[in-house]
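Below is one structure; the comments refer to it alone.
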Amino acid sequence: MTHDPNCLFCKIAQGQIPSRKVYEDDQIYAFHDIHPWAPVHFLMIPKAHIASLAQVDGQHEALLGRMMTLVPKLALQEGCNPYPEGGWRVVTNTGAEGGQEVHHLHIHVMGGPRPWFKG
Ligand code: AMP
Ligand code: ZN
């Protein structure tokens, strides 16, 4: 598994920088966003360093599938309300024009009662 020693989210996934853990398995780590935009706001990352969604290809199909299929379970576990009255938003900012600030692939999962700080 590849890591970038200068990457914030690699350090978080490896426990070198503290975070509030939501979930962990051999390939995936999830933790609360430090500046939440919504009552529930956590991030899911691959433990391996992938800079963004722009670097993803066929070899990542199973990993991305696992991440996406974990979203409903973790969203409800963290306090999002059930579909359809509740629900959540999934966002992956990609590149400068996509609003990406941390260049390690991550999925934002946001939910909880409105209004939210952004959106
Ligand atoms: P993005 O703009 O999509 O790259 O989002 C990066 C997200 O990482 C932002 O929502 C930040 O609040 C969040 N973030 C930055 N540093 C940390 C940290 N140390 N722990 C948890 N979340 C962080
Ligand atoms: Zn990284």
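Order of appearance sets the numbers: ligands from 1, and atoms from 1 within every ligand. The first residue of the sequence shown is numbered 1, and numbering continues consecutively from there.
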(request) Identify, chain by chain and in numerical order, each protein residue with a heavy atom under 4.0 Å from an atom of ligand 1. (result) Leu8, Phe9, Ile12, Phe31, His32, Asp33, Ile34, His35, Leu43, Asn93, Gly99, Gln100, Glu101, Val102, His106, His108
(request) Would you check if Lys118 and Met110 make a side-chain contact, meaning some heavy-atom pair closer than 4.5 Å? (result) no
(request) Over all heavy atoms of both residues, which pair between Ile45 and Ala13 is shortest? Give the atoms and the distance, please. (result) CD1-CB, 3.9 Å
(message) My understanding is that only residues two or more places apart in sequence, or in another chain, count here; which of them pass salt bridge (charged side-chain N to carboxylate O under 4.0 Å, His left out) with Asp26?
(response) Arg66
(request) Can you list, by chain and residue number, the protein N, O or S atoms under 2.8 Å from the Zn ion (ligand 2)? (result) Cys7 SG, Cys10 SG, His49 ND1, His104 ND1
(message) I need the single residue from His108, His35, Arg89 that forms a side-chain hydrogen bond (donor to acceptor under 3.5 Å, both in side chains) with His41. Which is it?
(response) His108
(request) Applying ring pair (Phe, Tyr, Trp, His ring centres under 6.0 Å), name anything that partners Phe31, two or more places apart in sequence or on another chain. (result) Phe9, Tyr29
(request) Kindly indicate whether the side chain of Pro18, heavy atoms from C-beta on, has any atom under 4.5 Å from the side chain of Ile12. (result) no
(message) Less than 4.5 Å apart, side chain to side chain, heavy atoms only: is that true for Val90 and Val71?
(response) yes
(message) Restricting to non-hydrogen atoms, name the atom on Ala30 and the atom on Leu74 that form the minimum distance, rounded to 0.1 Å.
(response) CB-CD1, 4.3 Å
(message) Please report whether the ring centroid of His49 lies less than 6.0 Å from that of His3.
(response) no
